[in-house]
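Whatever order the structure lists ligands and atoms in, that order sets their numbers, starting from 1.
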Amino acid sequence: MRRSCAALTFAVLLAAGGGAPAALEPELQVIPLPREVSRVPGGFALGNAVTIEALDREERAIASLLAADLHRVDIAATIAATPTASAAIRFSKGPGDPALGNEGYRLTVDDKGIAIAANGGAGLFYGTQTLVQLAAAAAAPAKVVPHVRIVDRPQYRWRGIHLDVSRHFFPVSVVERYIDLAARYKLNVFHWHLTDDQGWRIQIQRYPKLASIGGCRAATQVGGEGSTATDRRRYCGSYSQAQIREVVEYARRRYVTILPEIEMPGHSVEALAAYPWLGCGSGGYRVRELWGVSGDIFCPTERTFAFIDDVLGEVAALFPGPYLHIGGDEVPKDAWKSSVAVARLRRREHLQTYDDVQGYFTRRVEKIARTHHRSIVGWDEIFDGGASPQATVMSWRGTDGGVRAAKRGNDVVMSPDSALYLDAYQGNADYEPLAIGGLTTLKMVYDYDPLPKGLSPEAARHILGAQANLWTEYVPTDEHLFYMLLPRELALAELCWTPRDRMSWDGFTMRLGGELRRLEAEGTRYRIPLVTFAVQASGGVEFPEQQPVENNVDISVPADVATVVLRETVPGASIHYTLDGTMPKSNSPVYAGPLRVSPLEAHAVTVAAIAVLPSGRAGAPAFLNLTSSGAPKP
Ligand code: TNX
C-alpha cells in the first residue's frame, strides 16, 4: 500500500474532476522543460499578427522558420529587417553570455513583448522553439503568453535520434518531417542509417551499382521475428546526391547535424551483391530479404579499403558534420575464418583473434576517415577489437560498453537497447501493431539517465549524451514511423536537455498534452498515451496516479468501496470505460467523473478504459484490476 506522495495526488485529480489538467499545471507548457524559469504576473498578448525584428541573415533565416511555425498556430508574422519599434518579437545575438554556451538562450516576455538573446544561431533557434510552444498553448484570439524569464541551455551536447532507412525506405519529405520534429524538441543529431543488409540507400557516383543493385531487394519478410515468409515483391529505394544535399541543408537550417552511417564490415551483404569482390567468398550474394544478420561481410583486403576510401570520400563531401558512423555491430566472423586473405592478414599484422581482425579493420577505416577530416563513431562492438581512443562509441548493448569506453577515455553516446530502442513495443503487444519485440514504454524512456552511476568526473565528461534508435524492420509506413517515434521522442528530448533534478514524470505528462494536440492539428500520427488511474479507498487510503505497465495496474485495497479517477493526456479527448470485463469501445459509457466501485462485493473489479480523440482515433485499453484485501477494521 502506498500513501499519496506523487505530485499528482488523488485530491488534485478529484478537484479537477479527472479532466482539464492544464488548469492545474504550474509549469510552462514546454518540452523539454527549460533549466531556469521565473514567472512574473501578467502576460503579453500576441494576438493574430506580429512583427519579428531580425537584423542579419542568420536571424532572418530563423525568423522565417518561426513565422511558418506561428502561422500553424494561427498567428501571422511579418519579418522586419531593420530596427522596428512595434516589433513584438526581437532577437539579439552576440557572444559573451557564459550562462548560455553555444546552444542556450534567454527568453524574456514582458509588457514590451518577447526578447530572445543567445550567443549564436542555435540558441536563438531554440528560443524560438520554446516561444512557439508557449504560443501554441495560448488560447485564441488574444494568444496571451505568460510573462516569464527563461534562461536555458542543454544538459548534454549530443541529443540524437536515429532512423533506419535500409529496412524500409522513407522519402525525403518524411525524413525532413522527422528532422523538423527532432529540432522542435531541441535534438541536434540526426543519425541516418543509410546502408544495411536489406538495402543501400545513398547514391555513390563512383560505384553506381550500390544504389541500383544494392538498393533493391527481390522481396521483403512478412510476419514477425523468425518468419521466413516473404511478399515476393521487389522493393527499391535510394537518395540521389542532390536529395542528400537538400536534406543536409534542411537539417542545417534547424541546427541539426546529420551523422551518416555506412555499415561495415558486417550488415553489408547488399554492397557485396553490387560488387562481389568486396566479400571473402566466391560470390552469389543477394540483398537480404529477411530481417536478421547476413554472414557475408566485407573482406579486409586492400581493394576493399580502397573502395571504402572512395565511398567515405563522397559521403564526407556531402555531409559537413565532424563524424562518420562506420557501423561495426554484429559481425559474424565465419566468412573471415575460411578466408585465405584473412589468414595472410593475420600473420602479417599479428592478429590473434577475429575480434583483433575487426579491430584492425576499424583502425584502418578510422585512418581513412581522418584523411577526409572526419572522426568515426561506431557501435560498441568496435571497442572489443581495440578501437583507437579517438573513436566515439555508441553504446547499444546496454550501457556496459559505454561505461568501459568512457573509463578508457573514449567519447560515448548512450543508446541502450533496454531503454532507448524505439522499435520495441510501447505497451502490451496484444494492443499494438507488430513490433520487433521487447518493451520500451514512454516512462522507461523518460526514466533513463544517460549518466551511469559511479563514473569519475573525468570519465563522466566522455558521456556526450544520449540517442534513441528507430530500426524499421517492422515499420513499413510513415504513419507507423511517427507512431513509433511519438511521444517517446519527447521523453528523449527532456532527458537529453533538462537537468536531471528538474525532471519530473508527473510534470512531463501534464505538459505532454499540449504538444500532442499540436501534432494532432498538424496531422502527425502518435501513440495515444494510456488512460491512468488514481484510487481512493474507504478508510482514507490513497493511491496516487498509477501508470499502467503493459496496460495493467493491479491494486489491492483494504476496503470494500473505492473511488477511481481516470485521466487521459490529450486535451479534448474523451474517456470511454467498462466495468463488466468487456473491452471498452468508442460507444462505451463516457467517463464524466470519479467512479465508485465495490471490489469486496464483487471480489474483484476491472475498470477498462480507452482515450478517444475528437477525430475518433482510439488509444489502446488500460485496465485497473482492483481487488479487496478485506474491509478495514472499524
Ligand atoms: C540490432 S542496434 C541492430 C540492428 C537491428 C536492431 C533491431 C544495432 C547496432 N544493430 O541492425 O535493426 O538490432 O532492434
Side-chain angles (χ1 to χ4, degrees), residues 160-170 189 191-201 217 220-221 223-227 259-271 287-298 323-333 358 361-362 365 376-385 387 391-402 405 412-426 429 432-440 444-445 448 466-476 480-481 484-485 488 492:
I161 184 75
H162 151 291
L163 175 62
D164 165 14
V165 294
S166 172
R167 278 54 177 272
H168 282 101
F169 179 75
F170 297 94
V189 176
H191 175 166
W192 206 357
H193 185 81
L194 287 161
T195 72
D196 212 303
D197 290 320
Q198 291 83 1
W200 181 286
R201 306 289 177 218
R217 58 179 179 251
T220 298
Q221 176 175 330
E225 271 284 270
S227 160
L259 171 68
E261 179 179 354
I262 306 295
E263 268 271 15
M264 58 187 89
H267 285 276
S268 59
V269 74
E270 85 296 6
V287 182
R288 199 172 160 87
E289 296 160 14
L290 302 179
W291 313 132
V293 182
S294 169
D296 292 310
I297 65 176
F298 282 137
Y323 297 105
L324 297 175
H325 197 304
I326 57 138
D329 60 311
E330 300 180 320
V331 185
K333 310 280 190 334
Q358 188 176 350
F361 185 97
T362 305
V365 175
I376 60 161
V377 181
W379 300 110
D380 57 68
E381 285 93 331
I382 67 164
F383 193 68
D384 297 341
T392 297
V393 172
M394 202 166 256
S395 190
W396 75 277
R397 295 174 301 171
T399 55
D400 287 359
V412 169
V413 175
M414 286 299 195
S415 63
D417 54 357
S418 49
L420 299 183
Y421 264 42
L422 304 187
D423 56 345
Y425 283 104
Q426 308 189 58
E432 293 294 321
L434 180 66
I436 196 162
L439 182 69
T440 301
M444 286 164 72
V445 175
Y448 176 67
Q467 177 175 301
N469 298 332
L470 185 29
W471 303 99
T472 58
E473 288 95 332
Y474 298 92
V475 185
H480 194 167
L481 180 69
M484 297 307 274
L485 181 72
R488 292 184 291 188
L492 169 76

What protein heavy atom sits nearest [atom], and how far off is it?
atom	value
atom 13 (O) of ligand 1	Trp396 CZ3, 4.2 Å
atom 2 (S) of ligand 1	Tyr421 OH, 2.6 Å
atom 12 (O) of ligand 1	Glu473 OE2, 2.6 Å
atom 10 (N) of ligand 1	Asp329 OD2, 2.7 Å
atom 3 (C) of ligand 1	Glu330 OE1, 3.5 Å
atom 7 (C) of ligand 1	Asp423 OD2, 3.3 Å

Practice problem: Answer yes if the side chains of His267 and Asp329 hold a donor-acceptor pair under 3.5 Å, and no otherwise. | Solution: yes
Exercise. Find out whether Glu381 and Trp396 are in side-chain contact, i.e. whether some heavy atom of one side chain is under 4.5 Å from a heavy atom of the other.
Key: yes
Quiz item: Is there side-chain contact between Glu225 and Ile436, with at least one heavy-atom pair below 4.5 Å?
Solution: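 Of all side-chain heavy-atom pairs linking Ile436 with Glu225, at least one is under 4.5 Å.
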Exercise. Please list, chain by chain and in numerical order, all residues satisfying ring pair (Phe, Tyr, Trp, His ring centres under 6.0 Å) with His168, sequence neighbours excluded.
Key: Tyr235, Trp291
Quiz item: Which ligand 1 atoms, with their elements, are less than 4.0 angstrom from a heavy-atom of Trp379?
Solution: 9 (C)
Quiz item: Numbering the atoms of ligand 1 from 1, which are under 4.0 Å from a heavy atom of Ile436?
Solution: 7 (C), 14 (O)
Practice problem: Please confirm whether Trp192 and His325 have ring centers closer than 6.0 angstrom. | Solution: no
Self-check item: N-O pairing of Asp423 and Arg167 below 4.0 Å
Solution: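 Looking at Arg167 together with Asp423, the answer is no, because their closest N to O distance does not fall below 4.0 Å.
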Exercise. Please report the closest heavy-atom contact between Trp379 and Ser415, naming both atoms and the distance.
Key: CZ3-OG, 4.1 Å
Quiz item: At a 4.0 Å cut-off, with the gap strictly under it, does some heavy atom of Arg167 reach an atom of ligand 1?
Solution: yes
